[in-house]
Structures are given as C-alpha cells and as structure tokens.
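Read the structure below first, then the notes.
Note that ligands are numbered from 1 as they come in the structure, with each ligand's atoms numbered from 1 the same way.
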Amino acid sequence: MRLVLVGPPGAGKGTQAQYIASNLSIPKISTGDIFRANVSGGTDLGKLAKTYMDRGDLVPDEVTIAMVRDRLSESDAQDGFLLDGFPRNVAQAEILRDMLKDWGQALDLVLELVVDDDEVVRRLAGRRTCSQCGRIWHVEFDDKKDDECDACGGALFQRDDDKEETVRHRLEVYQEQTAPLVSYYADEGILVGVDATGPVEEVTQRAMEAIRPFMG
Ligand code: ADP
Ligand code: ADP
C-alpha cells in the first residue's frame, strides 16, 4: 500500500500516521520528523532546513525531494509506505509521480484529513512531542499535567514553529501551496476525504475504512 496523508498543520497527520502505518505494517515517512532529526543532529541539511522551518516556510523542493528519494530507496519502503507531510505542493507531487513511475510504482491512495481552522489552532497550541520516542501528545486532550512521555518517560517539548505567529504563517502557506494538492489528487482519482474531528481512535477507524477498498 502506497499512501499519502494531506491536511493542514495540526490536522492530526502525525498522530494518525503512527496508527495507520502500524496497522498496515508499512514504514511511516514524515518529512517534518526527518528535518527535525537533522536539526537536532546539527547536519548541513538541518542547518539549511532550520532557517525555513523557523519561519514556517517550506524547505526548497530540491532539498526535500532529494531527501525523500533517498528514503524511498531504502529496502523497507519497497513494498509500501505512508508519506506524512510530503508532497506539500504540486511540483513535489509531480516529481513524486515521475519518481515512482521510474521504479514501476504508483500511489494507491491519498487521504485528506479534514478539520476546521479553529480546531487546528487549538490542536497546535497544545501540541507536545516526546524528545525520545517522537510520540505526539496534547496538553488538554491527553490531560498532560507533567512534561513526561507516558509511553517512554522521555521529556516532552513544544515545537518552536508551534508559536502563534509562525502557526498563522504556516496556515497561509498551507492554503496557498498545499491545498491545491487536494484537487490535483482528486483529478487523479485517488483522493478520499476523512472527517478528522472527534477522538483519535474514531479518526483512525474512519481512515482504515477508507483505506480498505484500496487494499490489494
Ligand atoms: P505539521 O505536522 O505541523 O504539518 P511538519 O512536521 O510536517 O508540520 O513540517 C514542519 C516543517 O518542516 C514545515 O513547516 C516545513 O518547513 C518543513 N517541511 C516538512 N515537510 C516538507 C515538505 N514536503 N516540503 C517542504 N518543507 C517541508
Ligand atoms: P499534524 O501532523 O497534522 O501537524 P499532529 O498529529 O501533530 O498533527 O496533531 C496536532 C495536535 O493535535 C497534537 O497535539 C495531537 O495530540 C492533537 N490531536 C491529533 N488528533 C487529535 C484528535 N482526533 N483529537 C484531539 N487532538 C488531536
């Protein structure tokens, strides 16, 4: 199964990606996570990406695409993958399509996680991430009173780009650059919208129901 998740920042892509990828036994490939790992590791890629991420802008396509090409070439991604956060504009989508075509592959399905703006802002304002295992939490919805990950005991942190100013800009970037992907994939006939409101488990169930008809 070759799957893409799209949706605004805070829609729950990372949260759902954890469960969907595990249900389908495919690797979850989150470009945001790979960039953040490079930033913490102090690599050249991380230094470059950080300047864009701090502003809430997209990292340039050449850099992002090269990184995704490398990751998709790894052995665990040959029989399927779940992309979270890529593609993020039509140019990336076109290159992804050509890249997969060269390898005799194609996307099976693009799931759009649908939530309104107010909910997105509420979700981003309370987002916390585990510095150790990467699990995503929410201060209010997960009733997090301490800054410790309930899964591994690691310290939770708030992402720099989840500050109000940056969030507003990321939502604009989404509307201008990423939202056009919805009609791009609808035209390709592989887009399915999923209502991403309500409890996490219910959203996962809806996503799995949407995926089932596309499974080989
Ligand atoms: P969110 O989960 O809130 O949507 P991500 O973790 O996916 O955010 O991305 C964080 C940042 O990493 C983005 O604001 C952008 O700077 C960079 N980024 C992630 N994926 C891409 C991509 N496909 N193209 C360009 N930049 C990206
Ligand atoms: P994205 O990857 O799309 O930016 P995340 O998966 O990081 O979104 O989720 C953003 C925030 O919203 C996190 O704090 C997460 O715990 C919370 N969240 C995700 N799904 C739900 C849900 N169904 N209900 C309430 N909060 C959620």
Test your reading of the structure: does [X] have an N or O sitting under 3.5 Å from an N or O of ligand 1?
X	answer
Arg127	yes
Arg170	yes
Arg36	yes
Gly85	yes

Answer yes when [X] and [Y] have at least one side-chain N-carboxylate O distance shorter than 4.0 Å, and no when they do not.
X	Y	value
Arg159	Asp54	no
Arg168	Glu172	no
Asp150	Arg135	no
Asp162	Arg127	yes
Glu140	Arg122	no
Lys144	Asp142	no
Asp161	Lys163	no

Give the atom numbers and elements of ligand 2 that come within less than 4.0 Å of a heavy atom of [X].
X	answer
Gly14	1 (P), 2 (O), 6 (O)
Trp137	13 (C), 14 (O), 16 (O)
Pro8	3 (O)
Pro9	4 (O)
Ala11	3 (O), 8 (O)
Ile136	6 (O), 7 (O), 13 (C), 15 (C), 16 (O)
Thr15	5 (P), 6 (O), 9 (O), 15 (C), 19 (C)
Val200	20 (N), 21 (C), 22 (C), 23 (N)

Please confirm whether Gly7 comes under 4.0 Å of ligand 2, counting heavy atoms of the residue only.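 Flag not set, Gly7 not near ligand 2.
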When you measure from [atom] to every protein heavy atom, which one gives the shortest distance, and what is it?
atom	result
atom 26 (N) of ligand 1	Val59 N, 3.0 Å
atom 5 (P) of ligand 1	Arg88 NH2, 3.6 Å
atom 20 (N) of ligand 1	Thr31 OG1, 2.8 Å
atom 27 (C) of ligand 1	Phe35 CE1, 3.7 Å
atom 25 (C) of ligand 2	Phe141 CD1, 3.3 Å

Have a look at ligand 2 and work out which part of Ala17, if any, has a heavy atom under 4.0 Å from it: side chain, backbone, both or neither.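 Neither; nothing of Ala17 gets under 4.0 Å from ligand 2.
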Among Thr64, Val63, Val59, whose side chain to side chain contact (heavy atoms under 4.5 Å, CB included) with Tyr52 holds? Val59
Using a 4.0 Å cutoff against the non-hydrogen atoms of Asp57, which atoms of ligand 1 qualify? 15 (C), 16 (O)
Would you say Thr178's side chain and Arg88's backbone share a donor-acceptor pair under 3.5 angstrom? yes
